[in-house]
S.K.: 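First the structure, which I've put down as structure tokens, then a few questions once you've had a look.
Quick caveat, the model's predicted, so the values are computed rather than measured.
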Amino acid sequence: QVQLVESGGGLVQAGASLRLSCVASGGTFSNCGLGWFRQAPGKEREFVAAISWSGGFIAYAESVKGRFTTSRDNAKKTMYLQMNRLKPEDTAVYYCAARWRATTAQVMARPDYWGQGTQVTVSS
């Protein structure tokens with residue numbers, strides 16, 4: 001079992017930056033593929049970014065490419081999502097997710113573990 005806890009959300013103006021963190025406990029973090037998803041009010045949860053368990057492959061949704069960067073620090077059991085040039089349409093609850101020995105595609109398709117989410121609100 002892997003427990004995930006997100007932090008770093010908040011209320012910012014358009015154009016600002018935020019960095020989300022996802023700290024893991026339990027399981028073997030370094031062997032997990034990791035991902036970020038988000039869910040806006042009235043919409044389905046959508047993929048944002050993923051990083052393979054090896055750390056060698058990273059994938060982003062088209063809507064965030066060039067603005068968001070994800071990374072992982074296995075020693076700290078932490079994944080990050082650096083969000084720059086935020087837009088009002090980025091407003092959502094952001095969730096981190098994990099799957100054992102997963103590629104980015106596998107994380108995107110079906111994570112096994114989820115965090116509780118952190119709210120990001122971008123005002124115009």
Side-chain angles (χ1 to χ4, degrees):
Q1 289 287 337
V2 176
Q3 292 79 44
L4 304 169
V5 178
E6 304 95 335
S7 62
L11 171 63
V12 297
Q13 290 188 329
S17 298
L18 277 176
R19 189 176 81 155
L20 305 183
S21 298
C22 173
V23 179
S25 60
T28 306
F29 180 83
S30 60
N31 284 342
C32 287
L34 305 168
W36 291 98
F37 295 76
R38 67 186 181 186
Q39 186 167 21
K43 295 187 177 181
E44 293 189 355
R45 187 151 51 187
E46 64 176 4
F47 166 76
V48 175
I51 184 165
S52 65
W53 73 273
S54 68
F57 297 93
I58 298 176
Y60 296 98
E62 285 297 324
S63 59
V64 306
K65 272 185 183 177
R67 299 188 299 123
F68 291 12
T69 303
T70 191
S71 61
R72 63 189 298 163
D73 185 335
N74 288 340
K76 295 182 178 180
K77 293 189 175 183
T78 302
M79 175 176 62
Y80 303 99
L81 184 67
Q82 177 66 44
M83 305 185 294
N84 299 327
R85 303 197 307 276
L86 282 161
K87 304 176 181 180
E89 50 264 43
D90 294 319
T91 295
V93 177
Y94 283 70
Y95 300 89
C96 67
R99 179 173 170 176
W100 178 255
R101 285 192 175 255
T103 64
T104 55
Q106 289 169 332
V107 174
M108 290 167 58
R110 196 210 72 202
D112 291 329
Y113 307 103
W114 293 93
Q116 84 290 348
T118 185
Q119 176 71 47
V120 172
T121 303
V122 185
S123 63
S124 57

S.K.: Looking at F57 and S54, what are the two nearest heavy atoms and their distance?
M.R.: CD1-OG, 4.4 Å
S.K.: With a 4.5 Å cut-off on side-chain heavy-atom distances among I, L, V, M, F, W and Y, is there a chain of contacts connecting M79 to V107?
M.R.: no
S.K.: Would you say S124's side chain and P88's backbone share a donor-acceptor pair under 3.5 angstrom?
M.R.: no
S.K.: Hey, are the side chains of D73 and Y80 touching, using non-hydrogen atoms and a 4.5 Å cut-off?
M.R.: yes
S.K.: Once you round to the nearest 0.5 Å, how far does CZ of R38 lie from CZ of R45?
M.R.: 13.5 Å
S.K.: Looking only at atom types and distance, does a side-chain atom of T91 sit under 3.5 Å from a main-chain N or O of V122, one as donor and one as acceptor?
M.R.: yes
S.K.: Do T70 and Y60 pass the side chain to side chain contact (heavy atoms under 4.5 Å, CB included) test, and can you show the C-alpha distance, the side-chain angles, and the key distance before you say yes or no?
M.R.: CA-CA 9 Å; T70 191; Y60 296 98; 3.8 Å; yes
S.K.: Short question: side chain of R72, backbone of L34 - any donor-acceptor pair under 3.5 Å?
M.R.: no
S.K.: So, taking the atom named CH2 in W53 and the one named SG in C32, what distance separates them when rounded to the nearest 0.5 Å?
M.R.: 10.5 Å
S.K.: If hydrophobic clusters are built from ILVMFWY residues whose side chains come within less than 4.5 Å, do L86 and V48 share one?
M.R.: yes
S.K.: Aromatic rings F47 and F37: how do their planes relate, parallel, tilted or perpendicular, breaks at 30° and 60°?
M.R.: perpendicular
S.K.: Which heavy atom of V5 sits nearest to which heavy atom of Q116, and what is that distance?
M.R.: CA-OE1, 3.7 Å
S.K.: What closest approach, in Å, do A59 and M108 show between heavy atoms, and which atom pair accounts for it?
M.R.: CB-SD, 4.5 Å
S.K.: Any chance you could lay out the side chain to side chain contact (heavy atoms under 4.5 Å, CB included) test for M83 and R67, step after step, and finish with the verdict?
M.R.: CA-CA 6 Å; M83 305 185 294; R67 299 188 299 123; over 6 Å; no
S.K.: Please tabulate, for the side chains in residues 12-31, all donor-acceptor contacts under 3.5 angstrom to protein atoms that are two or more places apart in sequence or on a different chain.
M.R.:
from, atom 1, to, atom 2, distance (Å)
S17, OG, N84, OD1, 3.0
S25, OG, Q3, OE1, 3.4

S.K.: Side-chain heavy atoms nearer than 4.5 Å, only ILVMFWY residues, links allowed to pass through others: does that put Y94 and W114 together?
M.R.: no
S.K.: What closest approach, in Å, do R99 and R110 show between heavy atoms, and which atom pair accounts for it?
M.R.: CD-O, 3.1 Å
S.K.: Before you tell me yes or no, could you show the steps for W36 and C96 under side chain to side chain contact (heavy atoms under 4.5 Å, CB included), namely the whole-Å CA-CA distance, both residues' side-chain angles and the distance that decides it to 0.1 Å?
M.R.: CA-CA 5 Å; W36 291 98; C96 67; 3.9 Å; yes
S.K.: Check the pair F68 / D90 against side chain to side chain contact (heavy atoms under 4.5 Å, CB included), numbers first and verdict last.
M.R.: CA-CA 11 Å; F68 291 12; D90 294 319; 3.9 Å; yes
S.K.: Counting only N and O atoms by type, is there a donor-acceptor contact under 3.5 Å from the side chain of E6 to the main-chain atoms of G117?
M.R.: yes
S.K.: Could you state the interatomic distance from CG (L4) to OG1 (T78), rounded to the nearest 0.5 Å?
M.R.: 10.5 Å
